[in-house]
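Before any comments, here is the structure.
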2 protein chains.
Amino acid sequence: MIDDDTAREQIVTAADRLFYGRGVQAVGMDAVRAAAGVSLKRIYALFPSKDDLVVAVLQHRTQRWNAGILAATAAVGDPRDKLLAVFDFLAGWFVEEDFRGCAFINSFGELGALSPRVATTVRDQKSSFQDYVAALVHDAGAPANLAPQLAILAEGAQTTAAIAGRPDAAHQARDAAATLIEVALRPAPTPA
Amino acid sequence: MIDDDTAREQIVTAADRLFYGRGVQAVGMDAVRAAAGVSLKRIYALFPSKDDLVVAVLQHRTQRWNAGILAATAAVGDPRDKLLAVFDFLAGWFVEEDFRGCAFINSFGELGALSPRVATTVRDQKSSFQDYVAALVHDAGAPANLAPQLAILAEGAQTTAAIAGRPDAAHQARDAAATLIEVALRPAPTPA
DNA sequence: CGCAACGGAGAACGATCGTTCTCCCACGGA
DNA sequence: TCCGTGGGAGAACGATCGTTCTCCGTTGCG
């Protein structure tokens, strides 16, 4: 017998892989059951509806994302390098073989208009990422308006890498970020 | 009787509004029929499958996008301002009441793994946009690596505006673009 | 050892979807 | 006027989906 916690984890992990790879609506609950190795009854006992499962998958991804970003930025010391480390983290992600874009963006586009809970879950993730970037920007001593600019670069790199299939979008975004950071930290030039 | 061309347009226009507002898979062909005011038989005579209709809708959107970008950039003279005009165009788009992100990104996330034709149609659109930005960058006399940076900013602004519901992502991206353009056009500073 | 509760496997159900087919009316040529 | 073609309205069909239910074996406890 499998206890509830590991069953939850198996279900969420299997559903995550399937949803991310094919899209949510293209994956039936029976496919999740087969991949997770548990019964449908068990799934519905732990997640009352597919919507609940989707939300749980997204929250699980949020935790993995937060841990990855935290580890990437903790590995370097300089606050400026922490900001750039975010884009290095993206670069490592984009070259994974099953990379298919940002699961939150994908889910929002597919379900944002249908499921308010999915929409708010995605919004919360994006909002917390923006907050984290804003904190790094603050630590680096740069003006606050740099933060949304870097966040936009990160978002754009994800969709560009996914659609064009070009992982170097991370490097291009990193270069742009480096320029923006440098300008933001440089004292205002004396007018000619 | 409606001739084929106007029927096509009615179908594509209605399907576009429905697909964009709710997502493709959430809209049945019967809903398209009701919104377009034509018979199902007619729809399937003009578009052999839903996949064909989706591709036609995306191609229709590509034409509208190209026309909008072209008009926005044609309204200004300076090549540098043409680049910034792209973001002004985005700003005007983001405040439309039914704005729900980039239809290409949304469709790719929802159907990219299921329909190769949809995937390539989306890729073609993004690729042609990148080419256009690259041409503007070239006209402005800036190095070529500026183009993907600006394109990434545009992509990120679209998803940020859609998910966070904050249309000012266009202005933030525009500010970042202005900085990147300025740096790219400025001669290399003499080292201190 | 007996029984009751639980979980697995999978059938079943109702809804919906993409697609096709049927029926019927309107209209244009001999 | 009569007939044949074409298109509209909508039923029909087969597949699939989310969700529930049935049946049965197992297991833990008295």
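Computed over heavy atoms, backbone and side chain alike; hydrogens, waters and symmetry mates excluded.
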Practice prompt. Decide yes or no on ring-ring contact (aromatic ring centres under 6.0 Å, His included) for W65(A) and F104(A), but give the supporting numbers first.
Written response: CA-CA 11 Å; W65(A) 169 271; F104(A) 301 96; 7.4 Å; no

Worksheet item: Under 30°, 30 to 60°, or over 60°: which ring-plane class applies to F99(B) and F94(B), parallel, tilted or perpendicular?
Response: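 Tilted, since the angle between the ring planes falls between 30° and 60°.
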
Worksheet entry | Donor + acceptor pair across side chains of S49(A), D52(A) (<3.5 Å) |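 A donor-acceptor contact under 3.5 Å links the two side chains.
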
Item to complete: Consider only side-chain N and O atoms of R166(A) and Q130(B), and report whether a donor and an acceptor are under 3.5 Å apart.
Response: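 Yes, side-chain donor-acceptor contact under 3.5 Å.
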
Between [X] ([atom1]) and [N] ([atom2]), how many Å, whole number?
| X | N | atom1 | atom2 | value |
| --- | --- | --- | --- | --- |
| I43(B) | dG8(D) | CD1 | P | 10 Å |
| L18(B) | dC17(C) | CG | P | 12 Å |
| R33(B) | dC17(C) | CZ | P | 12 Å |

Item to complete: Taking the six-membered ring of F47(B) (Phe, Tyr or Trp), confirm whether the NZ or CZ of R8(B) is under 6.0 Å from its centre and within 45° of its axis.
Response: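 Yes, R8(B) and F47(B) form such a contact.
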
Discussion item. Check whether Y20(B) forms a cation-pi arrangement with R61(B) (NZ or CZ under 6.0 Å from the six-membered ring centre, at most 45° off the ring normal).
Written reply: yes

Item to complete: Pick base, sugar-phosphate or nothing for V27(B), based on heavy-atom distances below 4.0 Å to the nucleic acid.
Response: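 Answer is sugar-phosphate: V27(B) comes under 4.0 Å of backbone atoms only.
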
Worksheet item: What one-letter contact string describes nucleotides 19-27 of chain C from 5' to 3', where B marks a base within less than 4.0 Å of any protein heavy atom, S marks contact via sugar-phosphate atoms alone, and - marks no contact?
Response: BB-B-----

